[in-house]
Amino acid sequence: MTRKALTLISPTVTSKVYDGTDNATITGVLSGVVSGDVVSLIGTGLFATKNVGADQAVTSNSSLSGSSEGNYT
């Protein structure tokens, strides 16, 4: 079986109060999910540095969850 590729529309990194970590939260809308399937984004990532600053690069470690997540990439 070939898994269907999904697209993350309007990905956004959530701003946060400094907490000494480089953990990032990513939100967005999954496009391409078949009607009736249950799949959602677990939006995690890492900021380039744990230090305070605007416009930092973020590396996504995001994954999928839900009863249908095995059907998608």
Side-chain angles (χ1 to χ4, degrees):
M1 175 178 88
T2 301
R3 294 178 177 199
K4 183 177 181 183
L6 298 178
T7 302
L8 184 60
I9 303 296
S10 300
T12 303
V13 177
T14 305
S15 296
K16 70 175 194 173
V17 174
Y18 178 77
D19 65 0
T21 72
D22 58 356
N23 299 328
T25 301
I26 301 168
T27 60
V29 176
L30 292 173
S31 175
V33 177
V34 174
S35 179
D37 278 0
V38 178
V39 61
S40 58
L41 174 71
I42 301 174
T44 59
L46 298 173
F47 285 102
T49 176
K50 68 177 184 173
N51 299 322
V52 174
D55 300 323
Q56 287 192 31
V58 173
T59 302
S60 175
N61 299 326
S62 298
S63 59
L64 300 172
S65 68
S67 60
S68 304
E69 62 95 7
N71 298 328
Y72 298 95
T73 60

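This is a predicted model, so every value here is computed, not measured.
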Using the side chain to side chain contact (heavy atoms under 4.5 Å, CB included) rule, take L30 and L8 through it: C-alpha gap first, then chi angles, then the decisive distance, then the call. CA-CA 5 Å; L30 292 173; L8 184 60; 4.2 Å; yes

If you count the non-hydrogen atoms of other residues, nucleotides and ligands that lie under 6.0 Å from NZ in K4, is the total more than 12? yes

Hey, could you give me the OG/CG distance between S31 and L6, rounded to the nearest 0.5 Å? 8.0 Å

Just by modelled atom types, is the T25 backbone N or O under 3.5 Å from a matching donor or acceptor in the K16 side chain? no

Residues clustering with I9 (ILVMFWY side chains joined when closer than 4.5 Å, directly or via others): V29

Of all heavy-atom pairs between F47 and T14, which one has the smallest distance, and what is that distance? CZ-O, 4.2 Å

CG of L41 to OG1 of T27: how many Å apart, nearest 0.5 Å? 8.0 Å

Show every donor-acceptor pair shorter than 3.5 Å between a side-chain atom in residues 63-73 and any protein atom, with sequence neighbours excluded, or say none if there are none.
residue: S65; atom: OG; partner: S40; partner atom: OG; Å: 2.9
residue: S68; atom: OG; partner: V38; partner atom: N; Å: 3.1
residue: Y72; atom: OH; partner: V34; partner atom: N; Å: 2.9
residue: Y72; atom: OH; partner: D37; partner atom: OD2; Å: 2.5

Where the side chain of S62 meets the backbone of T44, is there a donor-acceptor pair that is under 3.5 Å apart? yes

Output for pair (D22 CG, Q56 CD), nearest 0.5 Å, gives 9.0 Å

Transitive ILVMFWY side-chain link L46 to I26, under 4.5 Å: no

